[in-house]
Amino acid sequence: MKLLIAVVQDKDTNRLVDALGEENFKITKLATTGGFLKEGNTTLMIGCEDQYVDQALNVIKDNCSKREQMVAPISPMGGNADSYIPKPVKVEVGGATVFILPIEQFMQF
């Protein structure tokens with residue numbers, strides 16, 4: 001058995017949760033916040049048998065798209081001026097980061 005931990009952008013969450021539900025995957029949804037853009041994202045914990053990992057990964061890949069987004073300047077006030085961004089820049093956001101962990105035991109009460 002494996003535990004997939006998928007971190008996805010909020011904009012992709014509903015579509016992904018619906019698609020995983022249609023494939024009968026059980027999901028635990030956690031609201032989280034990203035470090036770089038300080039924007040909301042969602043972490044999904046998906047437990048599945050080894051033979052369904054590829055299927056779950058394909059559903060995640062099909063429903064989490066990468067896109068470019070403009071990031072406004074971040075003020076150096078109260079922070080490090082070395083990381084100051086003086087003008088808006090394009091960054092790639094979206095997609096998914098997935099961690100796959102082995103599960104020794106699963107219990108449900």
Side-chain angles (χ1 to χ4, degrees):
M1 180 168 238
K2 300 284 190 247
L3 175 65
L4 282 66
I5 302 174
V7 181
V8 301
Q9 193 174 31
D10 280 344
K11 292 178 182 175
D12 295 326
T13 301
N14 290 336
R15 182 176 56 252
L16 177 57
V17 168
D18 290 345
L20 287 167
E22 288 174 10
E23 298 291 328
N24 295 317
F25 287 103
K26 305 296 185 216
I27 306 156
T28 297
K29 179 175 149 182
L30 306 170
T32 52
T33 304
F36 175 63
L37 297 177
K38 308 274 191 284
E39 290 186 356
N41 55 35
T42 301
T43 300
L44 302 176
M45 297 190 320
I46 308 156
C48 65
E49 297 295 334
D50 291 352
Q51 66 265 28
Y52 298 114
V53 169
D54 288 337
Q55 180 183 355
L57 291 174
N58 286 331
V59 172
I60 294 168
K61 183 178 178 182
D62 291 345
N63 288 279
C64 296
S65 58
K66 290 185 179 182
R67 54 197 161 271
E68 287 188 343
Q69 174 178 317
M70 293 298 290
V71 175
I74 301 170
S75 171
M77 297 299 289
N80 185 350
D82 293 339
S83 63
Y84 175 66
I85 302 172
K87 60 183 180 179
V89 294
K90 284 185 182 179
V91 295
E92 189 175 84
V93 297
T97 301
V98 182
F99 302 92
I100 303 171
L101 307 170
I103 301 299
E104 290 183 28
Q105 186 176 11
F106 168 75
M107 300 173 81
Q108 188 172 9
F109 301 103

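This structure is a prediction, so every number in the text was calculated from the model and none was measured.
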When rounded to the nearest 0.5 angstrom, what distance separates CG in Asn58 from CG in Asn63? 10.5 Å
Under the 4.5 Å side-chain heavy-atom rule for ILVMFWY, direct or indirect, which residues accompany Met107? Phe109
To the closest 0.5 Å, what do you measure between CE (Met45) and CG (Leu101)? 10.5 Å
Reported SG-to-CD distance for the pair Cys64 and Gln9, which is rounded to 0.5 angstrom: 9.5 Å
Which value, rounded to the nearest 0.5 Å, describes the distance between Met1 atom CE and Gln51 atom CD? 9.5 Å
Checking Thr43 now: which residues fulfil side-chain contact (heavy atoms from CB on, under 4.5 Å) with it, not counting sequence neighbours? Ile5, Val7, Leu30, Thr32
Apart from Val59 itself, its cluster of hydrophobic side chains linked below 4.5 Å comprises Leu4, Val8, Leu16, Val17, Leu20, Phe25, Ile27, Leu44, Ile46, Tyr52, Val53, Leu57, Ile60, Val98, Ile100
Assess the residue pair Arg15 and Asp12 against the criterion (salt bridge (Lys or Arg N to Asp or Glu O under 4.0 Å)); give the C-alpha distance rounded to whole Å, side-chain angles, the decisive distance to 0.1 Å, and a yes or no. CA-CA 6 Å; Arg15 182 176 56 252; Asp12 295 326; 2.6 Å; yes
Residues forming a salt bridge (charged side-chain N to carboxylate O under 4.0 Å, His left out) with Lys2, sequence neighbours excluded: Asp50
Taking side chain to side chain donor-acceptor pair (under 3.5 Å) as the definition, give me every residue that meets it alongside Thr42, ordered by chain and number, with sequence neighbours left out. Asp10, Thr13
Got a second to check how far Phe99's CZ is from Leu3's CG, nearest 0.5 Å? 11.5 Å
